[in-house]
S.K.: 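Before I ask anything, let me first share the structure, which is written out below as structure tokens.
When reading the values below, keep in mind they use all heavy atoms of this one structure, side chains included, and skip hydrogens, waters and symmetry mates. Proteins get letters first, then strands, A, B, ... in listed order; numbering begins at 1 in each.
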Amino acid sequence: MKIDWAALGSVFGVSLVVTVALVGLFTLGIAGLSRQEKASAQGSSAALALTGAYACFAACAAAVGYGIYLIVA
Amino acid sequence: MENFSLILAIVVVTALAFDFTNGFHDTANAMATTISTGALKPKVAVAMSAALNLVGAFLSVEVANTISKGLVDETGIRPEVIFAALVGAILWNLLTWLVGLPSSSSHALMGGLIGATIASAGFGAVHGDALVTKVLIPAIAAPLVAGIAALLATRLTYTLGKKADGNAAKKGYRAGQIASAGLVSLAHGTNDAQKTMGIITLALVAGGTLAPDSDPPMWVILSAGLAIALGTYLGGWRIIRTMGKGLTDLQPQQGFAAQTSAATVILASSHLGFSLSTTHSVSGAVMGAGLGRKGGVVRWSTATRMFVAWGLTLPAAALVGALAEYVTGFGAWGTTLVAIFLVASSVAIWKISRREVVDHTNVNESDEPAGVVTTAMAAVTVPPAGSTATEDLAATIPAPSSEPAPSQATV
């Protein structure tokens, strides 16, 4: 019996890293948006936070796109 | 389709029925977290999942033939064997749905196939190695991998998002959950609808209607996609309730972390060649997310029941599959008997389920109703009781043997 430990290990590693990275990025994006929301409520703006937020969401969207590519391919 | 025999027609219909149960059994995988955290309204969630399952069914035909490959000897597989396997898988799916436990539809199908093959060709026809590497190890690995990933992701999102609140955060987590649930639905459509296509194609080849090594015909792809989408839309609300509310109480952050982890694990595993069960991954992810929040609890009694059901899935489906194959061995009347038994027990299970209706209106009520659900759960909790229940069901097979004397020709 041959158990493909390498494949299992890479599934484990990739899943862990990708999940944590994606959730982290997305949360940063949300935090950025939230900061902008607060800032605009006080009349100022947080352009940097907003730009960062959009960058994070773009990265997440790219990951979702890659996921769809994997499903189709 | 000239030599489309009766048994072949029965197999195709049964395979579509399995596909249907697969759909409503696995709605929970994609949508339980989204529904329980309120990101989507229950009906909207299942409709979206159904649409994506249908789309997924058309995306590729890659997986279509993999379910049976390697696990049992394909040479000499007869349509009756496939029929018997499907009977085992459907009954197990319905039974676990009745008690509201998520279990792998793929394992049920493999179990049925293994049991039917053993009854038909003996133990030698089953590859034990493949059983361990394709079934046992993934069943242990999937919840662990998805659970640990979800646990860390939940911790991270609570830490990073400490200051995030208000509308932006609410909308953000909602969108994130919907996106990851959509990915899971799509992946499910490509995987599970194709398993049924593979089964039907295998039966058509075995019955001599299709040439070996053909791709699934268009009507097979279409009907399999529709069956799974319809099943998904009807929604296995009992299982959704267990997954979304029964295992742990989920907040939007946890739902997002769990669903992202599950989607990643499913895609990574199928892409890297170590296929993991969707059900096991999602359940593991939900539990991981439950443990990841400060003060979050996992209801281990529910989890234990679920683990027991996972352990029983393969042997129980195999037992029913073997018995069904044994009875179909008696010829046309045997096959008819099994078909009648399948329909009768499905109706019976549905009738029992009506005593304690769970649907989109009460799917988020966490209190477990006593009565039929609890008693049925008790039957599954204790392995010996569970197997007697299956035997009792099976023991009713010979009962109506006197009345049907069908004259249909088989094969």
S.K.: Who among B:T159, B:I266, B:V265 has the most heavy-atom pairs with chain A under 4.5 Å?
M.R.: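 Ranked by contacts with chain A, first place is B:V265.
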S.K.: Can a side-chain donor-acceptor contact be found between B:H188 and B:N53 if the only test is distance below 3.5 angstrom?
M.R.: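 Per modelled atom types, B:N53 and B:H188 side chains form a pair under 3.5 Å.
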S.K.: For the interface with chain B, which of A:V14, A:V20, A:L8, A:V18 has the highest count of heavy-atom pairs at distances below 4.5 Å?
M.R.: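 That would be A:L8.
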S.K.: Return the option, out of B:L276, B:L156, B:T157, with the maximum number of heavy-atom pairs under 4.5 Å with chain A.
M.R.: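 Option with the greatest count: B:T157.
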S.K.: Is it the side chain or the backbone of B:L183 that comes within 4.5 Å of chain A heavy atoms, both, or neither?
M.R.: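 Both backbone and side chain.
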S.K.: Where does the angle between the aromatic ring planes of A:F26 and B:F256 fall among parallel (under 30°), tilted (30 to 60°) and perpendicular (over 60°)?
M.R.: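 If you compare the ring of A:F26 with that of B:F256, the planes turn out tilted.
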S.K.: Measure B:A141 against the heavy atoms of chain A and call it side chain, backbone, both or neither at under 4.5 Å.
M.R.: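 For B:A141, the side chain is the part near chain A, not the backbone.
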S.K.: Specify the closest pair of heavy atoms between B:A142 and B:S281, including all atoms of both residues, with the distance to one decimal.
M.R.: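 Shortest heavy-atom contact: CB-OG, 3.9 Å.
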S.K.: Relative to chain B, which segment of A:L70 carries a heavy atom at a distance below 4.5 Å: side chain, backbone, both, or neither?
M.R.: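 For A:L70, the contact with chain B is made by the side chain alone.
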S.K.: Got a sec, which residues hit salt bridge (Lys or Arg N to Asp or Glu O under 4.0 Å) with B:D19, two or more places apart in sequence or on another chain?
M.R.: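 Partners of B:D19 by the salt bridge (Lys or Arg N to Asp or Glu O under 4.0 Å) criterion come out as none, since no residue qualifies.
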S.K.: Does the side chain of B:Y158 come under 3.5 Å of the side chain of B:Q251 through a donor N or O and an acceptor N or O?
M.R.: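 Short answer, yes.
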